[in-house]
Colleague: 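One structure, pasted below without further comment.
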Amino acid sequence: MDSLAGLKRTHHCNELGAGDIGKEVVLMGWVLRRRDHGGVIFIDLRDREGITQVVFNPAVNAEVHAKAHALRSEWVLAVRGRVEARPEGMANPKIATGEIEVLVSELRILNTSKTPPFPLDEEVEVSENLRLKYRYLDLRRPSMAANLIMRHRACQAIRAYLSGNGFLEIETPVLTRSTPEGARDYLVPSRVNAGRFYALPQSPQLFKQLLMVAGMDRYYQIVKCFRDEDLRADRQPEFTQIDMELSFVDEEEVMAINEGLIVHLFKEVLGVELSTPFPRMTYAEAVARYGTDRPDTRFGLELIDLSDIVRQCNFKVFRAAVDGGGVVKCINAKGCADFSRKDLDDLTAFVGQFGARGMAWVKIKDDGSWQSPIAKFFSDEELVGMGRKAGVEPGDLLLFGADRPEIVHQSLAELRLELARRLDLLDPARLDFLWVTDFPLLEYDAEEKRWVAVHHPFTAPREEDLEFLESDPGRVRSRAYDLVLNGNEIGGGSIRIHRTDLQKRVFAALGISDEEAAEKFAFLLQALEYGAPPHGGLAFGLDRLLMLMAGCESIRDVIAFPKTQKATCPLTEAPSSVSRRQLTELHLRPDWKE
RNA sequence: GGGGUCGUAGUUCAGUUUGGUUAGAACGCCGGCCUGUCACGCCGGAGGUCGCGAGUUCGAGUCUCGUCGGCCCCGCCA
């Protein structure tokens, strides 16, 4: 093994090109592949940035060539040599440095390596568990390195933009207090205060409001947040938000500044020019047309409301749904009348996951007649009415949902996406941003038998709806807004309540008593009494945003050290058990078996 | 808490439907040959608790039950 002493790297492995021919250079990196011809030996040398072919020629330097015979995958090398043009017709267009190679005159073996447990050349998919266990190897793979480089550039672009727009980057505590509402907290026991616990923040929500009261005017932070809930492809127990808050603004200004941020980010990182303002849609319209508050607007297949038409019909399922306060809606899958019985059964099972108890369908035949198990239940007038409203043409397929609105909306919204996947309607090149506004302030939680905040309890209600806060809470709209990209919620925020009296009224509407509010939120209510300015903000889910920008299927691919679906880390084997003594110090008595 | 799916060589997989000789392939690895390759090529070789545990059977990678783990989803995630 050799020393680095006296040798300095001159270039990364992506840098050299035809313009460098003749230069003496020093490269350092890992052996990606070796091609040993017995005579000449080629090594693809890889570092974070790219790949360069280095050549050992026995005719040029027999000693160095002999040494190179021993090289194996992932050994760490320093090479000194001259940049040479590749022989005529030997250029490799697949790599950035493909026009040249480095003819090595000095080889130093800085470290050897065991044979890696999986190939690092991206030719085969490797199980994610193994990748996570050897994440330091997985991250050497060019695509993963590129994701982390992109993440860095995104964070730099975000900081530059926000700093340039008067935002201060201010850190908030990670050890803070548990507050009711929202996700389950990660708790940290206090050694110094027996029986007391810190909570890791679900978001810096209250601190950023306090910073507004403190006169900081504009705050941002790229910050870790923690939620102890079950994981998904786009959900990790710790994740990163771009968090911000602004004083003396209304929702228009918050949205305008964030459109600017997104435009800047996509230009800097992806070189994509976006046009603003982004389209907007109210929550009510989004749910009515798409069944969801985060519609993917890259394709049609919108929901069509037939409730009024079938109100009196003879099909019991439809009539009962409407009579019971539900709705009947359909999707017109244009040109899908050739779906087989099995296709329809699959789709019925698919919507079943979301609570739909069945799925009626109609195929429109070439002569315009309806082929359907349920057609016989409808009058001509009803058939004509439905057909007209759904815009049917021969060859179309109508798929129906009839139930409580939540079930119809969720199942048809998911069905719409499933159809789009099957029909290949999701254009990966398109970036459809959409602001969704006018969310309801509260929704009724049947399980808890009380009203809960749709966004969070500090969201300001719309002034003109305030009169209904006590009499008809579900009717009150909030000053909240979400930003949606291709059907993914990438950010959300609101104008906050900045007056104590209103905050107390909202707590009351949420069934939080004065005593409980005083106990849990005293610091916030008190702060609002000392000249809190009008303020509002927004937070982006950075991991999710980067996942979409990188075209990945999972946020794990844009996080250096993510956790598995069971919230474990195969690399460190966290979470781990701890010593009896540590528990005792924390005043915890275990009730589990070792 | 629930549903689905996967677990076989270092890796990616086939074999499981219908139980039956010595569990295969490709890549990787090791050795040999090879001076223009770039997923180099040619020859040879090593490498397996079939996730784990019970059960059924003359016999289990294959069937049954349980269990552990990965991934996807529902619930949950203000």
Side-chain angles (χ1 to χ4, degrees), chain A residues 32-45 51-60 62 65 69 72-74 84 86-95 97-98 101 103 114-134 137 179-185 202-203 205 225-237 239 349-356 410-411 414 418 439-443 445 447-448 451-459 478 480 489 492-494 506 510 512 539 541 553-554 556 563-566 568 570:
Chain A
L32 173 61
R33 263 188 294 264
R34 79 193 152 98
R35 291 178 293 279
D36 185 339
H37 288 242
V40 68
I41 298 172
F42 299 97
I43 298 284
D44 289 337
L45 193 67
I51 295 166
T52 300
Q53 172 167 286
V54 300
V55 187
F56 300 87
N57 192 325
V60 174
H65 174 264
H69 269 297
R72 292 294 181 272
S73 286
E74 300 308 313
E84 310 231 306
R86 298 219 186 162
E88 191 67 30
M90 294 292 169
N92 182 354
K94 284 190 269 184
I95 58 175
T97 59
E101 61 195 10
L103 183 61
K114 292 172 73 172
T115 301
F118 55 89
L120 304 191
D121 61 8
E122 315 216 49
E123 297 299 329
V124 286
E125 283 287 307
V126 179
S127 86
E128 196 157 6
N129 207 27
L130 197 65
R131 289 174 52 200
L132 291 182
K133 184 171 175 183
Y134 296 94
L137 298 179
T179 52
E181 307 280 308
R184 194 176 292 113
D185 285 322
Q202 297 174 27
S203 83
Q205 181 60 36
C225 302
F226 305 87
R227 293 178 189 174
D228 187 3
E229 298 290 349
D230 288 347
L231 283 67
R232 289 283 192 284
D234 63 351
R235 275 166 28 191
Q236 283 273 304
F239 61 100
F350 177 81
V351 296
Q353 298 178 77
F354 309 100
Q410 191 188 356
S411 55
E414 296 291 345
E418 177 65 16
F439 282 79
L441 183 71
L442 308 168
E443 66 188 349
D445 184 324
E447 220 166 277
E448 291 199 42
W451 292 88
V452 296
V454 168
H455 187 52
H456 59 52
F458 320 108
T459 300
S478 72
E489 184 199 326
S494 65
V506 170
L510 289 168
I512 300 174
E553 299 284 319
S554 160
R556 294 187 296 273
K563 292 185 173 54
T564 67
Q565 196 166 47
K566 280 232 168 76
T568 65

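Computed from a prediction, not measured in an experiment: that's the story for all the values here. In what follows, chains carry the letters A, B, and so on, assigned in the order in which the sequence lines appear, proteins first and then strands, with residues in each chain numbered from 1.
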Colleague: Whole angstroms only, please: what is the CZ-C1' distance between A:R232 and B:C77?
Modeller: 9 Å

Colleague: Under 4.0 Å: is that the gap between some side-chain N or O of A:Q202 and OP1 or OP2 of B:C77?
Modeller: no

Colleague: N/O contacts under 3.5 Å, protein versus nucleotides 46-51 of chain B?
Modeller:
none

Colleague: What residues form a side chain to side chain donor-acceptor pair (under 3.5 Å) with A:K133, not counting sequence neighbours?
Modeller: none

Colleague: Verify whether the ring centers belonging to A:F56 and A:H69 lie closer than 6.0 Å.
Modeller: no

Colleague: Any N/O pairs under 3.5 Å between the protein and nucleotides 40-45 of chain B? List them or say none.
Modeller:
residue	atom	partner	partner atom	Å
B:C40	OP2	A:R33	NE	3.1
B:C40	OP2	A:R35	NH1	2.9
B:C40	N4	A:D36	O	2.7

Colleague: Please measure how far the P atom in B:U62 lies from the corresponding atom in B:G53, and state the result in whole Å.
Modeller: 12 Å

Colleague: For A:D230, is there an ion pair with A:R235 - N to carboxylate O distance below 4.0 angstrom?
Modeller: no

Colleague: Short question: side chain of A:R86, backbone of A:A91 - any donor-acceptor pair under 3.5 Å?
Modeller: no

Colleague: In chain order, what residues pass the side chain to side chain donor-acceptor pair (under 3.5 Å) check against A:Q353, with sequence neighbours excluded?
Modeller: none

Colleague: Provide the distance between the two C1' atoms, one in B:A26 and one in B:A39, to the nearest whole Å.
Modeller: 12 Å

Colleague: Examine B:C38: is either OP1 or OP2 under 4.0 Å from a nitrogen or oxygen in the side chain of A:T52? Give yes or no.
Modeller: no

Colleague: Heavy atoms only, 4.0 Å cut-off, all strands: where does A:R72 land among base, sugar-phosphate and nothing?
Modeller: sugar-phosphate

Colleague: Encode nucleotides 6-14 of chain B as B, S and - characters from 5' to 3', where the letter depends on protein heavy atoms closer than 4.0 Å: B to the base, S only to sugar-phosphate, - to neither.
Modeller: ----SSS--

Colleague: Do any N or O atoms from the side chain of A:S73 and from the backbone of A:T115 form a donor-acceptor pair under 3.5 angstrom?
Modeller: no

Colleague: For A:D121, which contact category applies under a 4.0 Å heavy-atom criterion: base, sugar-phosphate, or nothing?
Modeller: nothing

Colleague: Base, sugar-phosphate, or nothing: which does A:D228 touch, judged by heavy atoms less than 4.0 Å apart?
Modeller: nothing

Colleague: Contact class for A:T459 vs. all strands (heavy atom < 4.0 Å): base, sugar-phosphate, or nothing?
Modeller: nothing

Colleague: Please tell me if the side chains of A:E101 and A:P87 come closer than 4.5 Å, counting only heavy atoms from C-beta onward.
Modeller: yes

Colleague: Is the phosphate of B:C76, meaning OP1 or OP2, less than 4.0 Å from a side-chain N or O of A:Q565?
Modeller: no

Colleague: Report which part of the nucleic acid A:R556 touches: base, sugar-phosphate, or nothing (heavy-atom distance under 4.0 Å, all strands).
Modeller: sugar-phosphate

Colleague: Is the side chain of A:Q202 donor-acceptor paired with the backbone N or O of A:A183 at a distance under 3.5 Å, no angle test?
Modeller: yes

Colleague: Mark yes or no for whether A:E229, through its side chain, and A:R184, through its backbone, hold a donor-acceptor pair below 3.5 Å.
Modeller: yes

Colleague: Answer with base, sugar-phosphate or nothing: what part of the nucleic acid does A:Q353 contact at a heavy-atom distance below 4.0 Å?
Modeller: sugar-phosphate

Colleague: If you look at every strand shown and take non-hydrogen atoms under 4.0 Å, does A:E88 touch a base, only sugar-phosphate, or nothing?
Modeller: nothing

Colleague: Looking at A:K94, I'd like to know whether one of its side-chain N or O atoms comes within less than 4.0 Å of OP1 or OP2 on B:C38.
Modeller: no

Colleague: Could you list the residues that satisfy side chain to side chain donor-acceptor pair (under 3.5 Å) with A:S411, not counting sequence neighbours?
Modeller: none

Colleague: With rounding to whole Å, what would you report as the distance between B:U64 and B:G24 at their P atoms?
Modeller: 25 Å

Colleague: Roughly how far apart, to the nearest Å, are B:U17 and B:C63 at atom C1'?
Modeller: 12 Å

